[in-house]
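Structure first, then comments.
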Amino acid sequence: MQRTDEEHRHDLTTRARHFAETELVHRAAEFDRSGHLPREIVRTMAEEGLLGAVVPERWGGHGLDPLAYGELTESVGKACASTRALLTVHTSLVCETLVERASDRLKEKYLTDLATGRRIGCFALSEADAGSDAASVTTSYLRKGEVFVLNGRKKWISFAGIADLFLVFANDNGVSSAFLVERDMPGVAVHPMSGFLGNRATHMAEVSFTDVEVPAENLVSGIGLGFGFVANTALFHGRYSIAWAGVAIAQAALEVMCEYAARREQFGVRIGSHQLVQKMVADAVTQVGAARELCRRAGRSRRERGADAVMETNIAKYFSSTIAQQVTSDAVQVLGGNGCWDQYPAERLFREAKILEIIEGTSQLQQLMIADYGYKKFAGRGRGGEDEAL
Ligand SMILES: Cc1cc2nc3c(=O)[nH]c(=O)nc-3n(C[C@H](O)[C@H](O)[C@H](O)COP(=O)(O)OP(=O)(O)OC[C@H]3O[C@@H](n4cnc5c(N)ncnc54)[C@H](O)[C@@H]3O)c2cc1C
């Protein structure tokens with residue numbers, strides 16, 4: 001019997017929740033301490049269909065809609081931030097971008113392998129001197145017959161340590177282009193990095209390219225479409241993933257804080273009965289609910305390809321990462337000394353939340369874009385504005 005879309009969607013999100021609850025939540029602290037996400041976790045994610053969740057079935061995925069994918073991301077992210085980061089990088093930044101921006105030829109070559117987890121992809125934009133100002137990357141490309149020759153060095157590349165394929169952004173005299181580079185192409189070298197605040201098990205590395213000859217067909221979209229087109233598409237998807245990651249971490253922190261406040265006694269009563277503790281719980285409940293609704297609003301807009309989908313994604317990412325920072329900080333506060341100890345989850349959640357304010361465009365960059373949108377949308381609508389005079 002043919003399964004309905006709804007059943008299929010339910011099936012995948014249920015599998016994600018089950019995977020998170022049985023294989024991740026009790027091991028997240030171990031992954032964080034060891035700085036290593038085991039291969040078997042990646043394999044299970046592939047077998048469960050999570051790595052290609054949003055990729056159309058034609059290319060080996062499950063065609064999940066944005067709202068269900070958000071739910072799936074929340075389940076995984078609530079259990080383990082590093083594992084969720086694989087969804088952000090591999091599925092959102094790389095697969096979703098290729099679905100939209102790659103030719104059918106490139107999709108045939110790579111997308112099905114990525115969607116089924118036979119290959120792992122990562123996103124190589126940042127460099128030592130090009131972070132927020134990502135258009136200024138100095139990694140270069142030069143056309144030479146049937147190949148492009150790449151030279152340069154990327155920094156902070158999540159999962160580069162285990163990835164088979166890199167989505168690389170390079171410049172040629174200010175003309176930005178994107179390329180798919182295979183790990184075993186001659187001249188590619190991966191240099192592991194360690195010592196991070198959070199996302200510690202994401203196999204972070206620098207990647208250098210020395211006279212790497214990339215076949216011309218591995219150019220994504222076209223010459224000059226790297227930053228403005230391909231990278232912006234990727235960040236649109238990556239930010240949506242990070243927005244849900246904020247909800248996930250904040251929800252986990254809320255549960256930790258409530259559970260502890262209901263148990264711990266001081267001054268002869270449960271600390272949860274102190275009104276100042278109740279304020280932190282009330283704020284957390286409200287903030288998590290509001291962030292989840294903003295994510296859902298962005299999800300609906302993305303599903304309907306709404307005109308404001310990009311900005312609603314930015315708003316959800318900004319709000320959700322901000323409140324994740326506040327809620328996890330309050331969770332540490334409610335747990336007191338135990339909140340500062342790695343035998344309890346609050347300190348890890350606190351560290352993971354901070355990362356969300358940095359990646360996929362810092363909170364300051366989100367503020368700039370949101371303010372710009374605000375002026376365009378609302379200026380002139382106020383009392384005495386030009387619109388009113390019309
Ligand atoms: C855990 C982690 C994982 C990452 N994974 C990847 C990855 O997989 N691939 C990848 O390509 N990159 C990755 N990055 C890099 C990440 O994208 C950059 O760190 C981020 O874009 C910020 O750049 P930066 O660190 O150079 O900070 P900078 O750009 O130097 O910014 C420093 C500070 O200045 C502020 N600032 C900068 N410009 C402005 C402005 N115009 N107005 C106001 N304030 C401003 C910023 O908001 C920030 O507070 C990762 C980073 C981390 C921490």
Side-chain angles (χ1 to χ4, degrees), residues 54 65-67 69-71 73-74 77 81 84-85 87-89 91-97 99-101 123 125-126 130-136 156 158 167 169 176 178 199 225-251 287-327 352-379 381:
V54 278
D65 72 73
L67 282 164
Y69 181 54
E71 217 179 287
T73 304
E74 184 184 343
R84 185 275 311 149
L87 288 177
T88 303
V89 171
T91 309
S92 297
L93 286 167
V94 178
C95 290
E96 287 201 272
T97 305
V99 168
E100 281 182 57
R101 302 298 178 215
F123 178 77
L125 177 62
S126 305
S132 300
D133 183 14
S136 68
W156 321 112
S158 306
L167 178 55
F169 296 84
S176 163
N199 278 16
L225 300 177
F227 184 70
F229 198 55
V230 182
N232 276 334
T233 300
L235 293 171
F236 172 57
H237 296 307
R239 280 177 193 150
Y240 184 62
S241 178
I242 296 303
W244 281 101
V247 173
I249 290 178
Q251 176 71 39
Q287 288 169 332
V288 172
R292 189 178 284 108
E293 283 311 312
L294 280 179
C295 286
R296 287 184 178 146
R297 188 179 77 165
R300 282 191 296 274
S301 188
R302 295 165 72 90
R303 188 173 59 194
E304 289 148 20
R305 299 191 176 272
D308 283 345
V310 168
M311 203 43 66
E312 280 171 4
T313 301
N314 292 347
I315 291 168
K317 191 270 181 189
Y318 170 53
F319 185 76
S320 165
S321 54
T322 304
I323 68 98
Q325 183 60 29
Q326 288 164 7
V327 173
E352 298 291 9
K354 187 66 204 171
I355 301 287
L356 306 182
E357 295 188 305
I358 310 279
I359 56 177
E360 317 302 333
T362 65
S363 288
Q364 287 70 38
L365 288 208
Q366 305 306 324
Q367 286 168 331
L368 294 178
M369 290 186 284
I370 294 166
D372 189 47
Y373 165 79
Y375 290 135
K376 285 186 183 131
K377 194 168 169 99
F378 301 114
R381 285 215 203 161

Problem - Sequence neighbours excluded, every pair satisfying side chain to side chain donor-acceptor pair (under 3.5 Å) that has a member inside residues 356-365 - result: K354-E357
Could you report the tightest heavy-atom contact between [X] and [Y], atom names first, then the distance?
X    : Y    : answer
V288 : A250 : CG2-CB, 3.7 Å
E352 : N199 : OE1-N, 2.7 Å
T88  : G238 : CG2-O, 4.1 Å
A234 : L93  : O-CD2, 3.2 Å
A134 : L125 : CB-CD2, 3.7 Å
G246 : S320 : CA-OG, 3.2 Å

Output all residues satisfying side-chain hydrogen bond (donor to acceptor under 3.5 Å, both in side chains) with [X], sequence neighbours left out; order by chain, then residue number.
X    : answer
T97  : none
E74  : R292
S176 : none
R297 : none

Is any side-chain heavy atom of [X] closer than 4.5 Å to a side-chain heavy atom of [Y]?
X    : Y    : value
K377 : D308 : yes
H237 : T233 : yes
T73  : Y240 : no

In Å and rounded to the nearest 0.5 Å, what is the [atom1] to [atom2] distance from [X] to [Y]?
X    : Y    : atom1 : atom2 : value
L235 : S241 : CG    : OG    : 12.0 Å
L87  : S92  : CG    : OG    : 7.0 Å
C295 : I242 : SG    : CD1   : 10.5 Å

Keeping the roles fixed (side chain from [X], backbone from [Y]), state whether a donor-acceptor pair exists under 3.5 Å.
X    : Y    : answer
K317 : G361 : yes
S136 : D133 : yes
D372 : L368 : no

Identify, with sequence neighbours excluded, every residue that meets side-chain contact (heavy atoms from CB on, under 4.5 Å) alongside [X].
X    : value
F236 : R302, A309, V310, T313
Q326 : Q287, T322, I323
A231 : F169, F227
A245 : R84, L356

Practice task
Using side chain to side chain donor-acceptor pair (under 3.5 Å) as the criterion, point out the one residue from Q366, Q367, R239 that pairs with Y318.
Solution key: Q367
Problem - Partner set under salt bridge (Lys or Arg N to Asp or Glu O under 4.0 Å) for E100, not counting sequence neighbours - result: none
Problem - Residue pair L67, E71: steps toward the side-chain contact (heavy atoms from CB on, under 4.5 Å) verdict - result: CA-CA 6 Å; L67 282 164; E71 217 179 287; over 6 Å; no
